[in-house]
Enquirer: 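Sharing a structure, written as structure tokens. Questions coming.
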Amino acid sequence: MTTDLRVLRQPEWDTWYDNLVRAFGGVPESSEEREVMNALTEYDRFLGIWDGDQCVGTAGAFSFRVTVPGGTSVPAAGITMVSVAATHRRRGLLRSMMRRQLDDIRSWGEPLAVLTASEPVIYGRFGYGIATHQYNVEIDTTRVRLSVPPGTDDVRLRYAAPADVLDACEAVYARLVPGRPGMLARRPGWDRAMLLDPESERDGASPLQCVVAERDDEVVGYARYRIKQDGDHRGAGFTVRLDQLEALDPATHAALWRFLFEIDLTSTLHALARPVDEAWQHMVSDIRRCAVRMRDALHVRLVDVGAALEARTYQAPVDVVFEVEDVFCPWNEGRWRLTGDTKGATCVRTSDAADLALSVRELGAAYLGGVSLASLAAAGRVRELRQGALAEASVGFSSAVAPWLPHGF
């Protein structure tokens with residue numbers, strides 16, 4: 001078999017995208033979805049593998065900026081739309097695309113690659129570590145009550161058409177990005193993606209609805225959601241399906257959650273992809289009736305170990321030498337001395353004795369501060385070579401705010 005791996009050309013997009021859709025089940029997408037995805041495609045950063053005139057592999061790398069501990073926004077390649085045709089499995093096509101992508105990302109000077117995985121088991125072998133988690137919850141709102149903080153009643157809520165308040169909602173989101181590791185600074189066009197609402201994906205629910213929260217005539221938060229009838233009209237048989245919720249302060253956050261709890265005729269609130277430290281879970285009367293489930297979210301890969309570790313700050317002083325294993329990107333292999341604190345960091349090559357030994361996958365998992373190096377060590381994935389180094393590094397790498405990916409890509 002002879003295949004051609006090359007940068008995607010604009011006239012090839014429809015064929016390329018059709019192969020991607022087929023790989024993920026083949027359910028046709030709406031014209032609006034295709035139009036948005038086409039508009040977001042950065043052709044010089046997207047790859048296709050071709051067998052003759054047939055597209056058999058796809059992969060892309062959005063140009064993002066991701067918040068890291070310390071509030072800095074760091075360039076990151078958002079790996080996306082990865083697929084291999086079922087007719088061409090086990091031939092090394094995925095590996096060849098991963099190889100080309102990481103070489104390209106390095107040449108672009110971007111220290112990080114990030115992705116969300118349909119199958120998490122796939123990407124560890126390419127150096128990606130699971131760095132953020134999220135909660136999916138299903139709350140029985142007929143049995144659970146909220147205890148809200150002072151000031152909640154001062155927040156004004158009003159309905160609005162999602163498109164009419166898009167700019168105001170995006171402004172709220174942009175203000176929140178520096179405050180939480182893992183959040184993505186949205187590039188132009190992504191605001192439109194947030195409002196995609198094809199009927200084929202509603203599963204019988206209503207069109208997207210929106211409520212904005214205001215204080216002193218300024219939008220300080222919003223919730224986008226749908227309502228689905230699960231029972232009949234004889235009782236509270238409707239479910240609220242929360243799509244997005246952002247708030248600039250605790251009172252606004254509480255006001256929006258209380259609104260969702262109290263929508264007439266509803267008995268269940270189903271919220272996906274929420275931060276693991278979100279305050280609602282400390283306001284509910286019965287957490288057991290909230291059916292909390294955790295799953296992986298953002299996978300992080302350090303493309304340039306030195307630049308990546310220098311780009312963030314550290315919760316406590318660290319001075320540690322890492323022995324890094326990175327078979328797939330050998331330019332990262334070897335010893336690195338990281339010295340840093342809350343003000344900044346340096347990370348340089350060194351011949352000094354190593355304090356901790358780990359692979360680049362573990363560095364990716366711990367990078368945003370949500371996964372403990374000590375926890376990884378307990379799983380046998382980090383080795384302490386100098387007594388005390390593990391505790392020092394674990395505290396330094398931690399984040400006061402749990403990292404969170406607010407939406408997929």
Side-chain angles (χ1 to χ4, degrees), residues 67-71 131-158 168-184 194 209-216 218-225 239-263 266 268-298 315 368-372 398-407:
T67 301
V68 300
T132 78
H133 295 82
Q134 63 190 30
Y135 279 163
N136 297 337
V137 300
E138 191 167 331
I139 304 172
D140 180 353
T141 53
T142 66
R143 305 285 293 274
V144 178
R145 294 292 177 265
L146 287 179
S147 176
V148 298
T152 300
D153 293 335
D154 297 331
V155 179
R156 175 177 178 263
L157 303 181
R158 66 177 176 89
C169 293
E170 285 299 296
V172 169
Y173 176 86
R175 288 177 62 181
L176 293 169
V177 167
R180 187 183 287 273
M183 291 190 74
L184 304 175
M194 296 301 102
Q209 302 183 44
C210 181
V211 161
V212 293
E214 296 175 324
R215 186 184 292 107
D216 299 326
E218 178 189 9
V219 174
V220 291
Y222 63 92
R224 296 177 181 139
Y225 63 94
T239 293
V240 181
R241 294 189 171 185
L242 177 61
D243 192 30
Q244 300 151 38
L245 186 153
E246 304 287 358
L248 294 180
D249 57 78
T252 301
H253 176 268
L256 289 167
W257 277 89
R258 184 173 64 180
F259 166 81
L260 296 168
F261 265 61
E262 296 178 352
I263 296 175
T266 65
T268 306
L269 171 57
H270 191 196
L272 298 177
R274 303 308 305 170
V276 299
D277 63 348
E278 197 167 21
W280 67 263
Q281 60 194 300
H282 306 297
M283 298 189 292
V284 295
S285 59
D286 189 347
I287 194 67
R288 294 185 185 181
R289 295 188 182 276
C290 297
V292 179
R293 293 172 296 157
M294 187 172 73
R295 64 164 291 169
D296 65 288
L298 192 67
Q315 187 96 319
L368 294 177
V371 175
S372 165
S398 65
S399 171
V401 180
W404 177 54
L405 175 68
H407 60 83

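Any value given below was found using the heavy atoms of this structure, including those in side chains, with hydrogens, waters and symmetry copies removed.
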Enquirer: For T152, give me all partners under side-chain contact (heavy atoms from CB on, under 4.5 Å), at least two apart in sequence or on another chain.
Expert: V148, P149, A251, A254, A255, R258

Enquirer: Is there a donor-acceptor pair closer than 3.5 Å between any side-chain N or O of N136 and the backbone N or O of A273?
Expert: yes

Enquirer: Taking only residues two or more places apart in sequence, or in another chain, which ones meet T239 in a side chain to side chain donor-acceptor pair (under 3.5 Å)?
Expert: D230

Enquirer: Do R224 and C169 have side-chain heavy atoms sitting under 4.5 Å apart?
Expert: yes

Enquirer: Holding to side-chain contact (heavy atoms from CB on, under 4.5 Å), I want the full list of residues that pass it with P275, two or more places apart in sequence or in another chain.
Expert: R180, D277, E278, W404

Enquirer: Quick one: closest heavy-atom pair of H270 and V137, and the distance?
Expert: CD2-O, 3.1 Å

Enquirer: Minimum heavy-atom separation for V371 to A131, with atom names?
Expert: CG2-O, 4.1 Å

Enquirer: For the residue pair L146 and V284, establish whether any side-chain heavy-atom pair is separated by less than 4.5 Å.
Expert: yes

Enquirer: Measure across Q315 and S398 and return the closest heavy-atom pair with its distance rounded to 0.1 Å.
Expert: CB-O, 3.6 Å

Enquirer: Any side-chain to backbone donor/acceptor pair from T67 onto V177? Under 3.5 Å, distance only.
Expert: yes

Enquirer: Rounded at 0.5 Å granularity, tell me how far CE in M183 sits from CG in L405.
Expert: 9.0 Å

Enquirer: Quick one: list whatever passes ring pair (Phe, Tyr, Trp, His ring centres under 6.0 Å) with Y222, sequence neighbours left out.
Expert: none

Enquirer: Checking the side chain of T252 only, and the main-chain atoms of A247 only, is there a donor and an acceptor separated by less than 3.5 Å?
Expert: no

Enquirer: Mind checking whether L298 and L368 have side chains closer than 4.5 Å, heavy atoms only?
Expert: yes

Enquirer: For V276, does its backbone N or O pair with a side-chain atom of Q281 as donor and acceptor, under 3.5 Å?
Expert: yes

Enquirer: Does some side-chain heavy atom of R143 sit less than 4.5 Å from a side-chain heavy atom of D286?
Expert: no

Enquirer: Could you tell me if the side chain of V240 sits less than 4.5 Å from the side chain of T141, heavy atoms only?
Expert: no

Enquirer: Is there a side chain to side chain contact (heavy atoms under 4.5 Å, CB included) between D249 and R215 once you walk through the steps?
Expert: CA-CA 11 Å; D249 57 78; R215 186 184 292 107; 3.0 Å; yes

Enquirer: Calculate, to the nearest 0.5 Å, the distance between atoms OG1 and CG belonging to T268 and D140 respectively.
Expert: 6.0 Å

Enquirer: Do L269 and Y225 make a side-chain contact, defined as non-hydrogen atoms from C-beta onward lying under 4.5 Å apart?
Expert: no

Enquirer: Just by distance, do the side chain of R274 and the backbone of L245 share a donor-acceptor pair under 3.5 Å?
Expert: yes

Enquirer: Taking all atoms of both residues into account, what is the closest heavy-atom pair of P406 and G182, and its distance?
Expert: CD-O, 4.2 Å

Enquirer: State the CG-CG distance between D216 and D154, to the nearest 0.5 angstrom.
Expert: 9.5 Å

Enquirer: Listed by chain and number, what are the side chain to side chain donor-acceptor pair (under 3.5 Å) partners of E262, not counting sequence neighbours?
Expert: none

Enquirer: Could I get the full list of ring pair (Phe, Tyr, Trp, His ring centres under 6.0 Å) partners for W280, not counting sequence neighbours?
Expert: W257

Enquirer: State the CD-NE2 distance between E246 and H253, to the nearest 0.5 angstrom.
Expert: 9.5 Å

Enquirer: Considering only heavy atoms from C-beta outward, does the side chain of Q134 approach that of L272 to under 4.5 Å?
Expert: no

Enquirer: CG of L256 to CZ of F261: how many Å apart, nearest 0.5 Å?
Expert: 12.5 Å

Enquirer: Just so I know, are the side chains of H407 and Q244 near enough to count as touching, which here means a heavy-atom distance under 4.5 Å?
Expert: no

